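Scroll down for the structure; my scribbles are underneath it.
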Amino acid sequence: MLNIVIFGAPGSGKGTQSDRLIEEYGLHHISTGEVLRDHIARGTELGRIADSYISKGQLIPDDLMIKVLEHVLDSEPELTSKGVIFDGFPRTIEQAKALKEMLARRGSRVHAVVGLEVDEDELVRRMLDRGRQTGRADDNLDTIKNRLKVYHSQTQPLRDYYISEGKYHQIDGNSDVASIFDRIRTSLHERVPELQSEADKR
Ligand code: AP5
Ligand code: MG
C-alpha cells in the first residue's frame, strides 16, 4: 500500500492535483471534504453535524473525523489494496498521529506528504471564482477568511511535523496545473523510489 498525503491551505489545489496523482500512480482518492459534503447532500445525521462546522469554516472535531475516516477505510477494502491519496486529512497533529496508527495497523505508512504552497491572495481568488461558478457553500468571503485563519492556527503546524519525519515535499503551487504536477512528480521520484517504480509500471 503506497500512501500520499496531499497537504495545503483551502484552495491550494489538493483536489486538482489528486486527479493527476490518481492517473500517474493508480491510487485511490479520499477527500474528507467530499465525504462530508456527500453526507450533507444526503441529509444524514453526520451531514447535519458536519454542515454546522463547514458553514462556519471550522474543523469537524478530531474524534468524529477520525472515526469517519476509519469507517471509510474499513467499508471500502479496495481502497487499501494499492494505496490512498489522503486529501484534506490529516488537518491536526492529533489526526496525523491517528493516521499513522491506522496505517500501521494495516501494515503500512505515509510514504510522502505533498505540501502545496500558494500565496494567500491567489487562494482567495481561486475560491471566490469557484464559489461564483459552482455555488460551493463555503466559498464566500467570510467563510474563506475563517477557513484560512483555522488553517494557519490548526493545520499549518503539521508542516513542521512532517518535515521532522522527513516526509514533506515542499511544492510551489502558484503556477499552472501542469507545471505544478511536474514539480510534484520530480520531487516524489527523487525521494520515494517506490512511487517511481509504480509510475514506470503503468
Ligand atoms: P475540503 O473540502 O478539504 O476543503 P479545503 O481544504 O478548504 O480545500 P478546497 O477543496 O477548497 O481546495 P483544494 O485544495 O482541494 O483545491 P482545489 O483543487 O479544489 O474541506 C472542507 C471543509 O470540510 C473544511 O473547512 C472542514 O470544515 C471540513 N473538513 C474536511 N476535512 C476535515 C478534517 N480532516 N478535519 C476536520 N474538518 C474537515 O482548487 C481550488 C480551485 O482552484 C478550483 O476551482 C480549481 O479548479 C482551481 N485551481 C486549482 N489549481 C489551480 C491552478 N494551478 N491555477 C488556477 N486555478 C487552480
Ligand atoms: Mg478539495
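In each ligand, atom 1 is the first atom listed, and ligand 1 is the first ligand listed. If you're wondering where the values come from, they're calculated on a predicted model, not measured in any experiment.
Cluster membership for V5 and L116, using ILVMFWY side-chain heavy atoms within less than 4.5 angstrom, is not shared. V118 is connected to L141 through a chain of hydrophobic side-chain contacts under 4.5 Å among Ile, Leu, Val, Met, Phe, Trp and Tyr, so both are in one cluster.
Between D38 and R42, at least one side-chain nitrogen of the basic residue sits less than 4.0 Å from a carboxylate oxygen of the acidic one, meeting the salt-bridge criterion. With respect to the salt-bridge test (charged N to carboxylate O, under 4.0 angstrom), the residues R109 and E194 qualify. Salt bridge status for E23 with R202: absent, with no side-chain N to carboxylate O gap under 4.0 Å. Here R106 pairs with E70 in a salt bridge; the nearest charged N to carboxylate O distance falls below 4.0 Å. Salt-bridge annotation for D139 and R126: absent, with no side-chain N of the basic residue lying under 4.0 Å from a carboxylate O of the acidic one.
Near Q58, meaning under 4.0 Å from any of its heavy atoms, are these atoms of ligand 1: 26 (C), 27 (O). Atoms of ligand 1 found under 4.0 Å from any heavy atom of T32 (numbered from 1 in listed order, with element): 30 (C), 31 (N), 32 (C), 34 (N). Near P10, meaning under 4.0 Å from any of its heavy atoms, are these atoms of ligand 1: 5 (P), 6 (O), 7 (O), 8 (O). Ligand 1 places these atoms under 4.0 Å from at least one heavy atom of Q95: 33 (C), 34 (N), 35 (N), 36 (C). Those atoms of ligand 1 that come under 4.0 Å of a heavy atom in I54, given as number and element, are 22 (C), 23 (O), 27 (O), 28 (C). Which parts of ligand 1 touch I180 is read off a 4.0 Å heavy-atom cut-off, strictly below it: atoms 53 (N). Residue-ligand proximity, G15 to ligand 1, at heavy-atom distances under 4.0 Å covers atoms 13 (P), 15 (O), 18 (O). Residue-ligand proximity, L36 to ligand 1, at heavy-atom distances under 4.0 Å covers atoms 23 (O), 28 (C), 29 (N), 30 (C).
In this structure, the side chain of K67 does not engage the main chain of D63 through any donor-acceptor pair within 3.5 Å. Side chain of S81 to main chain of P77: no donor-acceptor pair is present (N/O by atom type, distance under 3.5 Å, no hydrogens or angles). A distance-only check finds no donor-acceptor pair linking the side chain of Q17 to the backbone of G13 [under 3.5 Å]. S179 places no side-chain N or O within 3.5 Å of a backbone atom of S175 that could act as its donor or acceptor partner. Between the side chain of S187 and the main chain of I184, no donor-acceptor pair closer than 3.5 Å is present. Judged purely by atom type and a 3.5 angstrom limit, H28 uses its side chain to pair as donor or acceptor with the backbone of E78.
Scanning all protein heavy atoms for the shortest distance to atom 49 (C) of ligand 1 gives T16 OG1, 3.3 Å. Closest to atom 54 (N) of ligand 1 among all protein heavy atoms lies R126 NH2, 3.6 Å. The nearest protein atom to atom 20 (O) of ligand 1, hydrogens excluded, is given as R91 NH2, 3.5 Å; this is a heavy-atom distance. Looking only at protein heavy atoms, the nearest one to atom 37 (N) of ligand 1 is I60 N, 3.1 Å.
With atom 9 (P) of ligand 1 as the reference point, the heavy atom nearest to it among G33, G8, G11 is part of G11. The heavy atom nearest to atom 1 (P) of ligand 1, considering only R136, R147, K14, is found in R136.
Residue contacts with ligand 1, taken as heavy atom pairs separated by less than 4.0 Å, do not involve D129 at all.
Between R130 and ligand 1, a contact under 3.5 Å exists for at least one N or O pair. Considering backbone and side-chain N/O of Y53, none are found under 3.5 Å from N/O of ligand 1. The N/O atoms of D176, backbone and side chain alike, include none that comes under 3.5 Å of an N/O atom in ligand 1. In terms of polar-atom proximity, defined here as any N/O pair under 3.5 Å, G88 does make such a contact with ligand 1. An N or O contact shorter than 3.5 Å is missing between Q17 and ligand 1 by distance. In terms of N/O distances under 3.5 Å, ligand 1 is approached by G13.
Residue contacts with ligand 1 include A9, since one of its heavy atoms falls under 4.0 Å from the ligand. Residue contacts with ligand 1 include S175, since one of its heavy atoms falls under 4.0 Å from the ligand. Using 4.0 Å as the threshold, R37 has a heavy atom nearer than that to some atom of ligand 1. The shortest heavy-atom distance from Q133 to ligand 1 is not under 4.0 Å. Heavy atoms of G57 stay at 4.0 angstrom or farther from ligand 1.
Of the candidates I85, L73, D87, I30 forms a side chain to side chain contact (heavy atoms under 4.5 Å, CB included) with just one, namely L73.
Below 30°, between 30° and 60°, or above 60°: for F7 and Y151 the angle between ring planes is between 30° and 60°, a tilted geometry.
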